[in-house]
Protein chains: 4
Amino acid sequence: MVETLLEAAAQVLETRGLEGFNTNAVAERAGVSIGSLYQYFPSKDALTIALMERENARFYKEALASLDHASGSAALDHLIRVAVWQQFARPTLARLLDVEESRPQLRAALPSTGSMRSLLLDILAREDSPQQADTDVAARDVFAMIRGLVDAAGERGETDTAGLTRRVCAAVQGYLTMMSAATPAEEDPHPADKREQPARKPAPRGPKRP
Amino acid sequence: MVETLLEAAAQVLETRGLEGFNTNAVAERAGVSIGSLYQYFPSKDALTIALMERENARFYKEALASLDHASGSAALDHLIRVAVWQQFARPTLARLLDVEESRPQLRAALPSTGSMRSLLLDILAREDSPQQADTDVAARDVFAMIRGLVDAAGERGETDTAGLTRRVCAAVQGYLTMMSAATPAEEDPHPADKREQPARKPAPRGPKRP
Amino acid sequence: MVETLLEAAAQVLETRGLEGFNTNAVAERAGVSIGSLYQYFPSKDALTIALMERENARFYKEALASLDHASGSAALDHLIRVAVWQQFARPTLARLLDVEESRPQLRAALPSTGSMRSLLLDILAREDSPQQADTDVAARDVFAMIRGLVDAAGERGETDTAGLTRRVCAAVQGYLTMMSAATPAEEDPHPADKREQPARKPAPRGPKRP
Amino acid sequence: MVETLLEAAAQVLETRGLEGFNTNAVAERAGVSIGSLYQYFPSKDALTIALMERENARFYKEALASLDHASGSAALDHLIRVAVWQQFARPTLARLLDVEESRPQLRAALPSTGSMRSLLLDILAREDSPQQADTDVAARDVFAMIRGLVDAAGERGETDTAGLTRRVCAAVQGYLTMMSAATPAEEDPHPADKREQPARKPAPRGPKRP
DNA sequence: AATGAATGAGCCTTCATTCAT
DNA sequence: AATGAATGAAGGCTCATTCAT
């Protein structure tokens with residue numbers, strides 16, 4: 001029943017959007033009474049949160065496997081592929097849940113563990129990944145980029161998963177490379193020159209450390 | 001009065017979020033009656049759209065100057081700086097307007113010209129920018145990345161504008177470089193070996209160290 | 001100015017109906033400010049009443065001439081012709097004003113003199129008209145019939161004035177004849193037989209007194 | 001509940017008139033919440049239409065029996081009696097519904113079948129009814145006369161049903177007779193001289209005494 | 001457990017009327 | 001006198017939530 005309701009909620013969100021997402025519609029779509037819905041979820045927010053968790057778990061399960069890769073880049077690659085795939089499986093749903101997720105009330109109730117970011121942190125911390133000055137920030141940024149790119153793609157109805165995956169990989173690796181190149185000099189007393197370069201001539205060679 | 005109402009709308013959006021954004025609240029915050037609001041905006045949507053246009057115009061005015069730069073990278077740099085600055089001026093507002101913008105009804109009424117994307121297209125088409133296979137897609141992607149990164153930063157209350165600007169630049173340039181390298185290298189004097197792979201087969205090697 | 005406003009009110013009523021009949025629309029149509037409207041009419045009702053009086057006066061002026069006819073039937077004929085003509089000049093307006101007229105607040109403020117009914121009373125009281133048991137009731141009934149017939153015609157967009165006039169005359173004369181035939185026997189102890197006739201065979205001969 | 005709401009709507013219409021007829025008032029009068037009203041009627045118009053249909057059905061049920069009469073005049077008599085009785089049962093309600101019925105939006109949603117006019121058409125088409133040149137027009141006219149007479153009676157608070165019925169019968173029969181006489185007398189054994197005139201030149205002579 | 005009728009706060013919008021300029 | 005911006009009561013309608021059955 002819980003599953004029925006969650007799937008109904010997902011479908012309502014997909015077909016009627018945020019505006020049409022109300023408990024009556026969900027119950028109707030699920031083919032149960034509104035009373036039953038409230039027997040399983042104490043409030044609309046609880047339902048929304050449960051849906052987010054379901055989608056997140058679905059993703060996390062696949063994404064966990066990325067840790068099995070030996071190399072950091074392969075792991076990252078895997079993670080991106082899963083993220084894109086997941087967002088593409090139900091693009092509208094993913095995007096709308098992202099929007100809902102920004103509501104303070106929901107954020108508060110949402111577990112911050114088991115998320116993509118924790119995996120990212122793990123991968124970025126590996127020795128063979130482009131070293132970042134602040135892994136935490138990098139993880140957040142990478143996550144934000146992926147989400148931004150894939151949501152935008154979903155929003156305009158893109159269907160070429162392979163192409164999108166390639167672009168997202170490019171973005172992530174580009175970012176990590178550039179940041180890696182820029183940051184070794186954290187305590188560098190003359191950051192001026194280093195900072196400029198990437199901007200002027202987008203450092204095709206940066207990624208590697210000599 | 002129009003300005004008063006728009007500012008009130010902005011503040012309501014910032015302080016009460018999308019849920020608390022209703023015409024009564026806006027009128028109250030503006031210190032005018034609800035009737036007055038409707039004398040200047042025929043509907044709530046019209047008010048929202050006007051607010052979007054105001055924010056966009058504010059940004060566009062600054063962003064236009066980016067075209068004055070001789071080099072593509074400097075122009076891009078400028079554009080990013082403006083985008084970050086704009087989103088940082090009122091992070092919550094910018095983010096919530098982005099969300100609203102995805103509502104079909106609003107999109108339809110929104111002018112597609114004068115947007116950041118048109119500027120991006122212009123800049124990316126320059127000879128000295130990393131050549132892209134599909135400038136249109138690149139413009140969209142860059143836009144999506146910037147939005148994703150800056151919204152996320154705003155969402156978690158980041159305040160270090162300089163740092164964020166640096167990271168966004170890194171992401172954008174990284175993306176463009178990677179994508180440029182991936183296409184049958186048009187002007188790159190050193191298309192090298194490694195640049196090719198990441199594109200076709202998302203970079204198992206790129207970021208790694210030898 | 002008063003005239004301008006009244007005509008504007010009439011036109012708004014005609015083009016937008018009862019629902020679209022509001023003071024702002026009237027002022028706009030008149031090309032004056034809403035403030036000016038309220039300088040000449042203390043309230044919307046006052047405006048409506050003034051419009052009714054204008055339309056009624058317009059009609060009454062023409063209808064008065066009917067009293068000049070020597071014979072009652074000619075007078076009645078004239079009156080009907082004027083009534084039909086008047087209602088046909090602006091069918092929608094006439095009908096909507098009739099509707100408004102039924103509002104108690106308006107009725108109270110409306111002068112009952114100078115109306116069609118007073119003329120009717122006058123005519124029906126003549127010796128050569130079919131004698132009615134209760135002239136007052138007859139006048140009301142005739143008025144009600146005319147209004148009912150002409151409003152219905154106006155409502156469905158009839159344009160054949162001549163035909164309608166003929167039918168209204170038939171109705172009025174038929175009614176008066178029948179009532180006249182039925183009523184001489186007001187104190188008749190056996191009204192049974194008399195009452196039946198008209199019903200069974202609509203008394204073509206009743207009208208006249210032998 | 002539907003019945004409760006319809007009755008409440010009827011009472012609000014009767015006691016507060018068209019102006020006071022709003023959904024909140026209806027719900028309050030029915031002793032239910034506004035939400036309940038909207039659970040049974042999707043809109044105010046739907047409620048109004050349902051009320052019209054209820055009143056019409058109430059009338060139609062009784063009126064149908066008029067077709068059982070052998071003679072056309074008896075049938076017509078019956079129909080008129082029912083119409084008068086119905087309008088008298090709730091004069092204000094009947095009149096206000098008539099007014100509402102003229103709103104295009106309601107007309108469109110109202111079934112045109114099962115109405116008084118269809119019965120009238122049936123009766124007027126009978127052989128023993130006064131033959132009409134255009135039965136359709138006659139039916140409309142008769143309907144309009146009845147409505148006009150009875151509404152006016154209701155409006156001024158008349159209570160003498162019997163008297164009103166008699167007068168309405170007189171009007172209808174008078175009309176039909178006159179109109180029948182006016183057309184190239186189809187079956188009238190005594191088309192006579194006088195019958196012709198009234199139609200062509202509205203009856204200067206008919207009602208008069210020699 | 002399931003149902004779904006009932007609730008009512010709250011939202012968007014209209015429009016008659018006022019009043020400072 | 002004329003203007004029209006400002007007012008705010010009121011109306012139609014939605015939807016999260018409750019509760020008796």
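Every chain is numbered from 1 and lettered A, B, ... according to where its sequence line falls, protein lines coming before strand lines.
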Please find the earliest and latest nucleotides of DNA chain E, in the 5' to 3' direction, that have an atom within less than 4.0 Å of any heavy atom of chain C.
dC15(E) to dT18(E)

Tell me which of K44(D) and S36(B) sits closer to the 5' end of DNA chain F, going by the nucleotide each one is nearest to.
S36(B)

Taking [atom1] from [X] and [atom2] from [N], how many angstroms apart are they, rounded to a whole number?
{"X": "R103(A)", "N": "dA16(F)", "atom1": "CZ", "atom2": "C1'", "value": "12 Å"}
{"X": "Y38(D)", "N": "dC13(F)", "atom1": "OH", "atom2": "C1'", "value": "5 Å"}
{"X": "Q39(D)", "N": "dA16(F)", "atom1": "CD", "atom2": "C1'", "value": "13 Å"}
{"X": "I34(C)", "N": "dT7(F)", "atom1": "CD1", "atom2": "C1'", "value": "14 Å"}
{"X": "E19(B)", "N": "dT14(F)", "atom1": "CD", "atom2": "C1'", "value": "16 Å"}
{"X": "L37(D)", "N": "dC15(F)", "atom1": "CG", "atom2": "P", "value": "16 Å"}
{"X": "N22(D)", "N": "dG11(F)", "atom1": "CG", "atom2": "C1'", "value": "6 Å"}
{"X": "R16(A)", "N": "dT14(F)", "atom1": "CZ", "atom2": "C1'", "value": "13 Å"}

Please check: side-chain N/O of T48(C) versus main-chain N/O of K44(C), any donor-acceptor pairing under 3.5 Å?
yes

According to the Watson-Crick and G-U wobble definition with distances under 3.5 Å, which dot-bracket string, read 5' to 3', encodes DNA chain F, using [ ] for crossing pairs and | for pairs with another strand?
.||||||||||||||||||||

Calculate, to the nearest 0.5 Å, the distance between atoms CG and OG1 belonging to L37(D) and T23(D) respectively.
6.0 Å

dG12(F), OP1 or OP2 - any side-chain N/O from T23(D) closer than 4.0 Å?
yes

Donor-acceptor pair between T15(B) and R29(B) side chains, under 3.5 angstrom
yes

Classify N24(A) by what it touches in the nucleic acid, base, sugar-phosphate, or nothing, heavy-atom distance under 4.0 Å.
base

Categorize Y40(C) for me: base, sugar-phosphate, or nothing, with a 4.0 angstrom heavy-atom threshold over every strand shown.
sugar-phosphate

Could you give me the CA-CA distance, side-chain angles and deciding distance for L106(B) and L110(B), then say whether side-chain contact (heavy atoms from CB on, under 4.5 Å) is met?
CA-CA 6 Å; L106(B) 294 196; L110(B) 224 45; 5.6 Å; no

Just do the side-chain contact (heavy atoms from CB on, under 4.5 Å) check on L96(D) and E100(D) with the steps written out, would you?
CA-CA 6 Å; L96(D) 292 184; E100(D) 278 291 86; 5.8 Å; no

Please report the closest heavy-atom contact between A25(D) and G20(D), naming both atoms and the distance.
CB-O, 3.8 Å

Closest heavy-atom pair and its distance - L47(B), V26(B)
CD2-CG1, 4.0 Å

Walk me through whether M116(C) and Q86(C) qualify under side-chain contact (heavy atoms from CB on, under 4.5 Å).
CA-CA 12 Å; M116(C) 179 171 180; Q86(C) 147 85 6; over 6 Å; no

On DNA chain E, check which nucleotide each of A25(B) and G20(C) is closest to and give me the residue with the more 5' one.
A25(B)

By nearest-heavy-atom nucleotide on DNA chain E, the more 5' of S43(B) and V32(D) is V32(D)

Go through the structure and list residues passing side-chain hydrogen bond (donor to acceptor under 3.5 Å, both in side chains) with E14(A), not counting sequence neighbours.
R90(A)

